[in-house]
There are 2 protein chains.
Amino acid sequence: MDTATATQVLDSLASSLRLNIYRGLVRRGPDGMVAGEIAAALGLPANNVSFHLKDLTQANLVTVEQEGRFQRYRANIPLMLDLVAYLTEECCSGHPEQCTTYRQASRVSDGVLPALSRSLPPSPGGR
Amino acid sequence: MDTATATQVLDSLASSLRLNIYRGLVRRGPDGMVAGEIAAALGLPANNVSFHLKDLTQANLVTVEQEGRFQRYRANIPLMLDLVAYLTEECCSGHPEQCTTYRQASRVSDGVLPALSRSLPPSPGGR
DNA sequence: GTTACACTTCAACGATTCTTGTATTTTTGA
DNA sequence: TCAAAAATACAAGAATCGTTGAAGTGTAAC
């Protein structure tokens, strides 16, 4: 992932409306939701939701599939996982032993940081 | 984590400038950087960087410590890990077996999703 | 073929955000 | 105490974003 992609993804989620849409879709998993369903769930006008869905789709955070006259949306979970990798990439400049401090401070960190440490490149700056 | 916090964190990272600051700090780990060092590394005016550092600090994504006449900034990694948990919370409505599809699609997902599945609440909607 | 439905696109106004320049605060060293 | 350095606070202009209303596209039903 590059900076431009990461910024686009983060910006797409930086609105509470879009964040709620995305989280709702994550919750549904592979089933997804159709546009009207999303708008109804959030109590918002359809065109407004459509506007933000387009934004999420362009960022590749959600996917669309035509289904008769409905549009079914699904969350793109793998992209989120890649974003996390990008955000914590080169943590501690390739000295994962320093990350130990962090692992203790979060509920879920046990699973996350070891995975990231494993995929760490050798640190270009190499200090 | 609640929606307001998540939105604030995401919004803080949604600018390429702030994203670069944050990633630079992640890379430094516990050592962090002082404000002038950050501004120099990015080739930006000090007041502009200070503006965005304040934003990141208010979102709690970075911490500040006075050090003589310098201000040392460090990335708050645990908050990022909590954000990831929030974003993928209740994935597939508490049926983690559905998430198997996702795990295969990302380099780092092996470490992430199992951890999330383990910490999943019983799904309030409970369908 | 025509009508209704689901959804998207477009234009426009108000609100928010980003950058820059200037001034202020705090600390260091003489 | 005084001067210099590091960093932040404040104000103003340009640029961007979000919501709303009206119009448009495509699909399904009659």
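Worth saying up front: this structure is predicted, and the values here are computed from it rather than measured. Chain letters run A, B, ... following the sequence lines, proteins first and then strands; every chain starts at 1.
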I'd like to check the side-chain contact (heavy atoms from CB on, under 4.5 Å) partners of Arg69(B); sequence neighbours left out, ordered by chain and number.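 So Arg69(B) forms no side-chain contact (heavy atoms from CB on, under 4.5 Å) with any residue.
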side-chain contact (heavy atoms from CB on, under 4.5 Å) assessment of Tyr22(B) paired with Met80(B): CA-CA 11 Å; Tyr22(B) 178 78; Met80(B) 176 57 60; 3.5 Å; yes
Are Leu42(A) and Val62(A) connected in the hydrophobic side-chain network, where two residues link if heavy atoms are under 4.5 Å apart?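 Same cluster: Leu42(A) reaches Val62(A) through Ile, Leu, Val, Met, Phe, Trp or Tyr contacts under 4.5 Å.
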Verify same cluster id: Phe51(B), Val49(B) (apolar side-chain graph, 4.5 Å):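 Hydrophobic grouping puts Phe51(B) apart from Val49(B).
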Contact boundaries on DNA chain C for chain B, cut-off under 4.0 Å to non-hydrogen atoms: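 Boundary nucleotides touching chain B, in 5' to 3' order, are dC18(C) to dT28(C).
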Specify the angle, to 10°, made by the local axes at the two ends of the helix from dG1(C)-dC30(D) to dA30(C)-dT1(D) when five pairs are taken at each end.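 The angle separating the two end axes equals 30°.
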Main-chain N/O of Cys91(A) paired to Glu89(A) side chain as donor or acceptor, under 3.5 Å: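 Flag not set: sc Glu89(A) to bb Cys91(A) has no pair under 3.5 Å.
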Would you find a donor on one side and an acceptor on the other, under 3.5 Å apart, between the side chain of Arg28(A) and the backbone of Met33(A)?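 Side chain of Arg28(A) to backbone of Met33(A), a donor-acceptor pair under 3.5 Å: no, none is there.
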Could you pull out the closest heavy-atom pair between [X] and [Y], with the gap in Å?
{"X": "Leu79(A)", "Y": "Met1(A)", "value": "CD1-CE, 3.9 Å"}
{"X": "Leu53(B)", "Y": "Ala35(B)", "value": "CD1-CB, 4.2 Å"}
{"X": "Gly29(A)", "Y": "Cys92(B)", "value": "CA-SG, 3.9 Å"}

Scan the side chains in residues 8-15 of chain B for donor-acceptor partners under 3.5 Å anywhere in the protein, sequence neighbours excluded, and list what turns up.
residue, atom, partner, partner atom, Å
Gln8(B), NE2, Gln58(B), O, 3.4
Ser12(B), OG, Gln8(B), O, 3.0
Ser12(B), OG, Asp55(B), OD1, 3.0
Ser15(B), OG, Leu17(B), N, 3.2
Ser15(B), OG, Arg18(B), N, 3.2

How many whole angstroms separate atom CD1 of Ile38(B) from atom P of dA7(D)?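 Rounding to the nearest Å, CD1 of Ile38(B) and P of dA7(D) are 9 Å apart.
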Salt bridge (charged side-chain N to carboxylate O under 4.0 Å, His left out): pairs with one or both residues in residues 41-52 of chain B, sequence neighbours excluded: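 Pairs touching residues 41-52 of chain B that pass the test: none.
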Do you know which of Leu56(B), Ile77(B), Val26(B), Leu25(B) makes side-chain contact (heavy atoms from CB on, under 4.5 Å) with Leu61(B)?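 So, applying the side-chain contact (heavy atoms from CB on, under 4.5 Å) to Leu61(B) and each of Leu56(B), Ile77(B), Val26(B), Leu25(B), only Leu56(B) qualifies.
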Pair Asn47(A)-Ser50(A), side-chain donor/acceptor within less than 3.5 Å: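 Judged by distance alone, the side chains do not pair up.
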Through direct or indirect side-chain contacts below 4.5 angstrom among Ile, Leu, Val, Met, Phe, Trp and Tyr, which residues connect to Phe70(B)?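 Same cluster as Phe70(B): Val34(B).
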Once side chain to side chain donor-acceptor pair (under 3.5 Å) is applied, do any residues pair with Thr3(A), and if so which ones, sequence neighbours excluded?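 Scan of Thr3(A) (side chain to side chain donor-acceptor pair (under 3.5 Å), adjacent residues dropped) gives Tyr86(A).
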For Asn48(B), all residues meeting side chain to side chain donor-acceptor pair (under 3.5 Å), sequence neighbours excluded: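 Asn48(B): side chain to side chain donor-acceptor pair (under 3.5 Å) contacts with His52(B).
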Among residues 39-46 of chain A, which residues get a heavy atom nearer than 4.0 Å to DNA chain C?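 Ala46(A), in order of number.
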At a heavy-atom distance below 4.0 Å, what parts of residues 48-63 of chain A sit against DNA chain C?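 Going residue by residue through residues 48-63 of chain A, the ones with a heavy atom under 4.0 Å of DNA chain C turn out to be Ser50(A), Lys54(A).
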At a heavy-atom distance below 4.0 Å, what parts of residues 5-25 of chain B sit against DNA chain D?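 Nothing qualifies; none.
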Looking at Arg72(B) and Glu67(B), is there a salt bridge between them, counting it only when a charged N and a carboxylate O are closer than 4.0 Å?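 Salt bridge present between Glu67(B) and Arg72(B).
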Protein within reach of the bases, or only the backbone? For nucleotides 24-30 of chain D, mark each nucleotide 5' to 3' as B, S or -, using heavy atoms under 4.0 Å. ---SS--
